[in-house]
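FYI, the numbering just counts along the sequence from 1.
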Amino acid sequence: YLDENDLCLKNEFVSCVFVDCLLVGNFKYCNNLLCESLKQKDENNIKNFFCEFDYVCYLEENVFATFKKNALAGIYKFEVNNLLISNIIELV
């Protein structure tokens, strides 16, 4: 996930890290990856936007399908600018 020079998170992996943290319940780190207008006062509120899921399938850059008990739970698209998520769109 990191570049090879300054060990900074690469822009194309911001949404991957967000979804991985969401899956394991690290909502504080998820909140840190959101732009100011999306940040939550209570980081636990982040989980309320997403369907409950067990695992993720990465469909393409910044687009993820989530599954619960082998059934599709949702598909989400992330817009990333300057290493922060600026928008999350629920496609299904």
Side-chain angles (χ1 to χ4, degrees):
Y1 291 147
L2 305 174
D3 68 13
E4 295 184 15
N5 299 319
D6 300 322
L7 298 179
C8 296
L9 184 63
K10 288 184 166 186
N11 207 47
E12 60 264 32
F13 293 122
V14 170
S15 56
C16 295
V17 172
F18 181 90
V19 172
D20 287 347
C21 289
L22 186 64
L23 183 61
V24 298
N26 189 344
F27 304 119
K28 184 174 183 174
Y29 198 89
C30 288
N31 209 32
N32 287 330
L33 293 172
L34 298 173
C35 69
E36 278 304 313
S37 64
L38 295 180
K39 280 194 193 255
Q40 303 293 303
K41 288 183 182 179
D42 179 2
E43 60 261 1
N44 289 316
N45 290 334
I46 292 171
K47 66 182 173 189
N48 297 334
F49 180 77
F50 297 90
C51 298
E52 189 176 327
F53 63 97
D54 299 319
Y55 65 95
V56 177
C57 177
Y58 301 98
L59 302 177
E60 59 184 63
E61 186 174 332
N62 297 325
V63 179
F64 307 90
T66 58
F67 295 87
K68 178 73 175 174
K69 296 183 180 179
N70 294 326
L72 180 66
I75 298 177
Y76 300 92
K77 180 178 181 178
F78 293 79
E79 294 175 2
V80 179
N81 295 309
N82 298 323
L83 299 175
L84 294 174
I85 296 169
S86 59
N87 197 12
I88 303 170
I89 303 162
E90 184 176 17
L91 301 174
V92 174

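- What you find for Lys77 and Leu91 is that their closest heavy atoms are CB-CD1, 4.0 Å.
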Test log, rule side chain to side chain contact (heavy atoms under 4.5 Å, CB included), inputs Leu72 and Phe67: CA-CA 5 Å; Leu72 180 66; Phe67 295 87; 4.0 Å; yes
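- Put simply, the residue from Phe50, Phe18, Phe64 that forms a ring-ring contact (aromatic ring centres under 6.0 Å, His included) with Tyr76 is Phe50.
- No path of Ile, Leu, Val, Met, Phe, Trp and Tyr side chains, each step under 4.5 Å between heavy atoms, connects Tyr55 with Phe53, placing them in separate hydrophobic clusters.
- Contact detail for Glu90 and Cys51: the closest heavy-atom pair is OE2-SG, 3.9 Å.
- Other residues, nucleotides and ligands contribute at most 12 non-hydrogen atoms within 6.0 Å of the NZ atom of Lys28.
- Glu60 contributes no side-chain N or O that, together with a main-chain N or O of Tyr58, makes up a donor-acceptor pair within less than 3.5 Å.
- Smallest separation of non-hydrogen atoms from Ile46 and Gln40: CG1-CG, 3.8 Å.
- Note on Val80 and Val56: same hydrophobic cluster, where clusters join Ile, Leu, Val, Met, Phe, Trp and Tyr whose side-chain heavy atoms are under 4.5 Å apart, directly or indirectly.
- One hydrophobic cluster, built from ILVMFWY side chains closer than 4.5 Å, cannot hold both Phe78 and Val24; they sit in different ones.
- Grouping the Ile, Leu, Val, Met, Phe, Trp and Tyr side chains by contacts below 4.5 angstrom, directly or via other members, places Phe27 with Val19.
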Side chain to side chain contact (heavy atoms under 4.5 Å, CB included) evaluation trace for Lys39 with Asn32: CA-CA 7 Å; Lys39 280 194 193 255; Asn32 287 330; 4.0 Å; yes
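- The backbone N or O of Leu83 sits less than 3.5 Å from a side-chain atom of Asn11, completing a donor-acceptor pair.
- Of the inter-residue distances, the one linking Glu61 atom CD with Phe13 atom CZ reads 8.0 Å to the nearest 0.5 angstrom.
- To the nearest 0.5 angstrom, Leu33 atom CG is 7.5 Å from Leu84 atom CG.
- Interatomic distance, Leu38 CG to Cys30 SG, rounded to the nearest 0.5 Å: 12.5 Å.
- In terms of hydrophobic clustering, with Ile, Leu, Val, Met, Phe, Trp and Tyr side chains grouped at heavy-atom distances under 4.5 Å, Leu59 and Ile88 are assigned to different clusters.
- The 12-atom threshold is not exceeded at CG of Asn82, counting heavy atoms of other residues, nucleotides or ligands nearer than 6.0 Å.
- Closest of all the heavy-atom pairs between Ser15 and Ile85 is CA-CD1, 4.4 Å.
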